[in-house]
Amino acid sequence: MHEVITCIQTIFEQSCYALFESFNCEVKTLSEHSEELYEYPFVFIDAGSEDIELIIYLQLPISVLSLTYPVTDVIDVDDKYLEDWLGELSNQLIGRLKNTLLQHGVTLQLGLPNCCFDLDIKDVIENHDLLELYLDIDGQECACYLSIEIFNNNMAFSLEVVDDDIMDEGEIEFF
């Protein structure tokens, strides 16, 4: 199972980079972080199946939310919209992760994002095989965490891509 966890963590890291680079941000990995990071708002969202549960956490300063917000003039954007945007960023990240895992034979059901502005992330985060990824996004310190809990040690997971006919990001399939 260690190999599966390592693969999922690698896919998560790639998804984090891809998400922020899609907003034309410069993204670098940080080897350490400051205590100030824990003062930033965060969001968490889960995805799972009978075999596995994943929880991602994003902890971003307001400046990164403003930087990535899909409007050019963010000066007059209400904080409520930035809170919604934080939830949307988590949706986009978990969607990227889900689509990539589908290519490896893992199907997940997604939960809903929970935004937290006045809580300490240390009181919320689950430490099941926790990956802590600290990023510099256009000069701002951010954190992305992934908690992995595997319920079925025999779960189907292909290290090779088994289905590369997965929908593109934002694509809608009508039945």
Undergrad: Any side-chain heavy-atom pair from E53 and F151 closer than 4.5 angstrom?
TA: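 Answer yes - side chains close enough.
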Undergrad: Give the C-alpha distance, both sets of side-chain angles, the deciding distance and a yes or no for side-chain contact (heavy atoms from CB on, under 4.5 Å) between L54 and L108.
TA: CA-CA 9 Å; L54 306 176; L108 300 172; 3.7 Å; yes
Undergrad: Side chains of I52 and E149: does their closest heavy-atom pair fall under 4.5 Å?
TA: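 No - every pair of side-chain heavy atoms lies 4.5 Å or more apart.
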Undergrad: Are any non-hydrogen side-chain atoms of P41 and I62 less than 4.5 angstrom apart?
TA: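 P41 vs I62: side chains touch.
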Undergrad: With rounding to the nearest 0.5 Å, note down the distance linking CD1 in I55 to CD1 in I45.
TA: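 Going from CD1 on I55 over to CD1 on I45, the span is 11.0 Å.
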Undergrad: P113 versus N91: any side-chain heavy-atom pair under 4.5 Å?
TA: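 They are in contact (side-chain heavy atoms under 4.5 Å apart), so the answer is yes.
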Undergrad: Between I56 and S90, which heavy-atom pair has the shortest distance, and what is it?
TA: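 Shortest heavy-atom contact: CD1-O, 3.7 Å.
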Undergrad: Please confirm whether the backbone N or O of E26 pairs with a side-chain atom of D138, one donor and one acceptor, at under 3.5 Å?
TA: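 Yes, D138 side chain to E26 backbone: donor-acceptor pair under 3.5 Å.
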Undergrad: Mark yes or no for whether Q59, through its side chain, and Y40, through its backbone, hold a donor-acceptor pair below 3.5 Å.
TA: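 Yes: the side chain of Q59 pairs with the backbone of Y40.
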Undergrad: Parallel, tilted or perpendicular: which one describes the rings of Y57 and F44, with boundaries at 30° and 60°?
TA: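 Tilted, since the angle between the ring planes falls between 30° and 60°.
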Undergrad: Is the backbone of S63 close enough, under 3.5 Å, to the side chain of Q140 for a donor and an acceptor to pair up by distance?
TA: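 Side chain of Q140 to backbone of S63: no pair is present.
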Undergrad: Between atom OG1 of T100 and atom CD1 of I8, what is the distance when rounded to the nearest 0.5 Å?
TA: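 One gets 11.5 Å once the value is rounded to the nearest 0.5 Å.
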Undergrad: Minimum heavy-atom separation for E32 and E141, please, with both atom names.
TA: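 The answer is O-OE2, 4.0 Å.
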Undergrad: With side-chain contact (heavy atoms from CB on, under 4.5 Å) as the criterion, how do L37 and I121 come out once you've worked through the C-alpha distance, each side chain's angles and the decisive distance to 0.1 Å?
TA: CA-CA 10 Å; L37 178 67; I121 195 167; over 6 Å; no
Undergrad: Examine V27 and L65 and state if one hydrophobic cluster contains both, with Ile, Leu, Val, Met, Phe, Trp and Tyr joined whenever side-chain heavy atoms are less than 4.5 Å apart.
TA: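 Yes, one cluster joins them.
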Undergrad: Could you measure the distance from the CG atom of N153 to the CG atom of D51? Nearest 0.5 Å is fine.
TA: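 Those atoms lie 10.0 Å apart.
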Undergrad: Give the minimum heavy-atom separation between C16 and L93, together with the two atoms involved.
TA: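 Closest approach of C16 to L93, heavy atoms only: N-CD1, 3.7 Å.
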Undergrad: Let me see the working for L60 and F20 under side-chain contact (heavy atoms from CB on, under 4.5 Å), right down to the final yes or no.
TA: CA-CA 12 Å; L60 307 172; F20 292 108; 4.0 Å; yes
Undergrad: Testing the basics here: between F42 and D120, what is the closest heavy-atom pair and its distance to 0.1 Å?
TA: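 Minimum heavy-atom separation between F42 and D120: CE2-C, 4.1 Å.
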Undergrad: Distance alone, cut at 3.5 Å: any donor-acceptor contact between the side chains of E13 and Q9?
TA: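 No - no donor-acceptor pair under 3.5 Å links their side chains.
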Undergrad: Would you compute the distance between atom OG of S147 and atom CZ of F12 and round it to the nearest 0.5 angstrom?
TA: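 S147 OG to F12 CZ: 10.5 Å, rounded to 0.5 Å.
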Undergrad: Any chance you could measure S15, atom OG, to K98, atom NZ, to the nearest 0.5 Å?
TA: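 These two atoms lie 13.5 Å from each other.
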Undergrad: Could you walk me through whether L67 and F23 pass the side-chain contact (heavy atoms from CB on, under 4.5 Å) test, one step at a time?
TA: CA-CA 8 Å; L67 176 70; F23 295 105; over 6 Å; no
Undergrad: Kindly indicate whether the side chain of C144, heavy atoms from C-beta on, has any atom under 4.5 Å from the side chain of L135.
TA: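 With C-beta onward as the side chain, the pair touches.
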Undergrad: Once you round to the nearest 0.5 Å, how far does CD1 of I150 lie from CD1 of I148?
TA: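 Taking CD1 in I150 and CD1 in I148, the distance rounds to 6.5 Å.
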